[in-house]
Structure formats: structure tokens, C-alpha cells
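Just so you know, these numbers come straight off a predicted model, no measurement behind them. Proteins get letters first, then strands, A, B, ... in listed order; numbering begins at 1 in each.
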Amino acid sequence: MKFKSEFLHEFSERGFLYQCSNFEALDEYLNSHKNAKAYIGFDATADSLHVGHLTQIFILRLFQKYGYTPIVLIGGGTTKIGDPSGRDKSRSMLTNDQIAKNIEGIEENLRRFFKFDCENKPIFENNDRWLSNITYIDFLRNIGAYFSVNKMLTLEMVATRIHNNLPLSFLEFSYSLMQSYDFLTLFDKYDCRIQLGGSDQWGNLVNGIDLVRKLRNSEEAFGLTSPLLTTSDGKKMGKSASGAVWLDKNKFSVYDFWQYWRNVSDLDVIKFLKLFTDLPLDEIEKLSKLQGHELNEAKKILATEVTAICHGRDAAEQALRESQKIFDQNSLDVNNFSLEVSEHDIKDGISIIDILTKTGLAESRGEAKKLILGGGAYLNDAKITDINHRAKIEDFVNNSLKIASGKKKIKFVKLN
RNA sequence: GGAGAGGUGGCCGAGCGGUCAAUGGCAGCAGACUGUAAAUCUGCCGACGUAAGUCUACGAAGGUUCGAAUCCUUCCCUCUCCA
């Protein structure tokens, strides 16, 4: 598809495009309104975002790149209800304190992705500001009256629950109304005309557009969605061997983050380069010519570029160097130690099981034993098969001990 | 409000008085093969313990029994049908 708007053009070229409520009108609108604003909502269900949110973040980034103003809407209010989209069980309710803490963490995550010293710096909003003060009667009169239950029953998330005989509370059913009200509020407050989101949000977006059109008599309200991102084997993004891939470096280290991207499937590299890096498309085109093991180079570029955007260029370069030392040069000369021990601690040796659990390579002692018995435990690259094995002072090379679970999860112990 | 069906490990889903820490599938971890890829094959997959074993777990709380995920009682929750 050909767009007049440069934003939509790149948006589409990079693979963000899924559906739009009205392509021509949106294209026209973006082309003629340089001060356009668009928003995406983020639920406050955890104290950090994870890579599954990255698509949305990068869309807002791209939006800002073309001079428009992104609005980050954190769902402090809607999180109290819980979006039933895409889940077949009710979400457990969070306390207000937890939500407040989560919002803090999420805002912290997001700030790194935007420019603030410019005209079009991002606006951070929290829908709790308007949702928590509204009264029930007012809400029903002003908003509820414009929603058709018949139509809402056809929303995918509602229909799925009903079809599968799964519970759906009125609270959750009302989620879509809340989200529509968000759009209306942002429309009034900021003249925000566009709501962005993942394809699973389509139903909610459409409801919001309808509400704005009905109440404000404006044809210029748009919804634009991006495909729900899965890895080539159909799994949801964001899971790794070490659990969810958080954007908070205290919850998920920069090194592990880099490794996550380094380990993506061959089939995903090019797609991810387009979505999650700022590399020009013609450069990515060149990388896509790589075959077989050469693709590993593209993976390194991907890992470094994504990490640079999420955690800073310096941290990314460092993760690259560490990884090259560990994997390419097999060197023990690293800085990211997971455990420190004193000479006193290990005068009688230290048990391999203790090392595995303390470095986090194994969750429990039982798991550590299973790992050893399964042949997956390595000390300085030597396979350990005895669960009673103890590491001695002599095992430390330059005061450093390498311990691994399998070939990829590697940690270091430092001797002080 | 009435009647019926159901709530099992991260998820799905068997079991329906002892042999049940609970079949199977998915997910996960490790091994082999590779390129820190995919696919495939193999092993593991509640906690603690070298082990024997101990503890915690089949919605919650009681009870029956030598013994319960399985039977009984009450409660909580979900679904279906009826009014």
C-alpha cells in the first residue's frame, strides 16, 4: 500500500501494520496535521514491562520520530478491572498499592525510549485520574447509553468466553467501555485522534472510535493496530530460559537481555531487525541475504541494536564484548560475577550444588542435582557428574570460576 | 429462586477408597546433532534428603475409615437448563 504520510509508510514497511479503521482518512489526517497525537494504553499489572510490550513502545517511538506527539496511557484505573482480552480466566485483582508501585516501574521503563528535549515530547497519562472519580449513574448516562450490548456480545473476547462456557464478570465486560471512555477523554483533553494497539485490541479500539464519533460528532478518530507478535514457532514473545524478559535491568540483566536477542530463531531475525532497531531498511535488506551460520552476525547486530535502545549504547557494547569473550574466545576474563566468595569460604572447597543454586542457575538443590545427573553442569568447561563435587581454590583461574548450566547459561564466581 | 454438572500439578486433562506425588498432552530444563538457530531423538520435570524416607499438594473447612484426590457434611466458586 502506498501512503502519503511518511510515518505510515515506514510503519508499514517495518511490519507494524495490521488493521486500520480507515486508511485513506488516517493517511490524510497525518499528512495534514503535524501536531497529531496518538496513544497506546499499558496495563499496570507488573512492576516492569517486558519484551512483549516492545512492539507498542517502538510504534510510539516511530510516531515521535516523525514529529507527532505520543501519549503513553498507563491503565492505573483499568488495571483495577482487568482486560479480559486474550485470557480465558479472570485476572486476580491487584491492590491499589501494588498498582501504584507498578506504574512507577513502568514509567521508569518507558522514559528511556523517548526524546524529552523537544516540542513533541511524550505525554504520560494515567486513566485513574478520570476513571476513579466518575459516578456510576453518570457513567451509565453519558457512556453506557451509547453501547449496544448486542454488539458487545460479538466482541471476540466476550464471544470466546461465552462460547467456551467460561466465566465473564460484569466487571470485565465493562472493560471495553472504560477503554472507550479513555479515548473520549484524551480526545477532549489533548485532541488525540488516534488509538494504537495490538490486534487483540481491535474490538476495544472500534468501540472507542464509535463513542468519539457519536458524542463529538467527529469523523476524525482512528484506530490502528499492529500484528500480535509471535516467534516463528508460534509462541508468544518474551519468555526465555530465565523467565519473562523484563525491560528493567534489575529484574533481567543487560547481558541476559542481549543473549535473548542473540538466540532468536533464524526465521525471526530480519523481522525483528525491522521492528526493533533503527537500522535503515536497505541495510536490513543486505543482512537478509545472509545464509546459514552467517545469520549469526545478523543476530549479533540485532542483539546489540535492540539492547542499545533499551539499555543504552554503552551497556549494549559491553554485553556484546562479554558475550564474545565467553562464547568466541572462551575467556574467563569477565566482569559480571554472579557470586563472590572469600578464601575462607572455600578452604574446604565449595559444593557444586551450592554454586549452582547461589548463582541462580538452579532454582533449588533438587534441581541442581537433576542438572548434574542429566549431564548439564559444567565447571570451567568440564562436565561434572558427581553431585558431591566440590570446587577448590585451585579451580579458580585469575580468581574467577566459570560455571554453566548447559551451553548457554553461564555464570562466574569471583574469589576475593 | 429451582434443577443438574463441575472445581486435580504452569496450562489442558485422566483418575473416582489402598499399588496416587497422581496416566497422557502442551509448556519448561538438560543431553545428542548443529551455527549460542530450527527440526528430530533421549532423559528430567512438587520440596528437602547421598539414600531409606520425610513433608506439602487434587476449591476451603470438618467428618467416616487402619487408609481419602476418590465416601459424607457444610461453605466458597464456575457453567448449563428452567422460572
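Remark: A/Lys189 NZ is packed, more than 12 non-hydrogen atoms of other residues, nucleotides or ligands lying under 6.0 Å away.
Under the 3.5 Å distance criterion, the side-chain polar atoms of A/Asp386 are matched with a main-chain donor or acceptor of A/Asn388.
Rounded to a whole Å, the CG atom of A/Asn296 is 12 Å from the C1' atom of B/A38. Following rounding to the nearest Å, A/Lys300 (NZ) and B/U36 (C1') show an atom-to-atom distance of 9 Å.
Neither OP1 nor OP2 of B/A30 sits under 4.0 Å from any side-chain N or O of A/Lys370. Within the 4.0 Å cut-off from OP1 or OP2 of B/A47, not a single side-chain nitrogen or oxygen of A/Arg365 is found. Between A/Ser364 and B/A47 there is a side-chain N or O to OP1 or OP2 distance below 4.0 Å. For the OP1/OP2 pair of B/C29 and a distance below 4.0 Å, the side-chain nitrogens and oxygens of A/Ser405 include no atom meeting the criterion. OP1 or OP2 of B/A37 sits under 4.0 Å from a side-chain N or O of A/Lys408. Of the side-chain N and O atoms in A/Tyr260, none sit less than 4.0 angstrom from OP1 or OP2 of B/A37. The side chain of A/Lys369 places an N or O atom within less than 4.0 Å of a non-bridging phosphate oxygen (OP1 or OP2) of B/G49.
Across all strands shown, B/A57 has no partner, as no Watson-Crick or G-U wobble contact with both distances under 3.5 Å is found. Base pairing analysis places B/U80 opposite B/A3; the two distances defining the Watson-Crick or G-U wobble pair are each below 3.5 Å. Under the Watson-Crick or G-U wobble criterion, with both distances below 3.5 Å, B/C71 is paired with B/G63. Nucleotide B/U40 forms a pair with B/A32, judged by Watson-Crick or G-U wobble geometry with both contacts under 3.5 Å.
Each of A/Lys383 and A/Ser323 was matched to the nucleotide of RNA chain B holding its nearest heavy atom; the match closer to the 5' end belongs to A/Lys383. In terms of position on RNA chain B, the residue among A/Ala377 and A/Asn263 whose nearest nucleotide sits closer to the 5' end is A/Ala377.
Contact annotation for A/Gly292: base contact, defined as any heavy-atom pair under 4.0 Å involving a base atom. Backbone-only engagement by A/Val264 is indicated by non-hydrogen atom pairs under 4.0 Å involving sugar-phosphate atoms exclusively. Across all strands, A/Glu367 comes closer than 4.0 Å to no nucleic acid atom at all (heavy-atom distances).
A cation-pi arrangement is not found for A/Arg61 relative to A/Phe276, the charged atom failing to lie both closer than 6.0 Å to the ring centre and inside a 45° cone about the ring normal.
Among the nucleotides B/U50, B/C29, B/U36, the one closest to the side chain of A/Ile387 is B/U50.
A donor-acceptor pair shorter than 3.5 Å can be found between the side chains of A/Tyr66 and A/Glu10. When only modelled atom types and interatomic distance are considered, A/Trp246 and A/Asn109 share no side-chain donor-acceptor pair under 3.5 Å.
B/U64 and B/C55 have their C1' atoms separated by 25 Å, with the value rounded to a whole Å.
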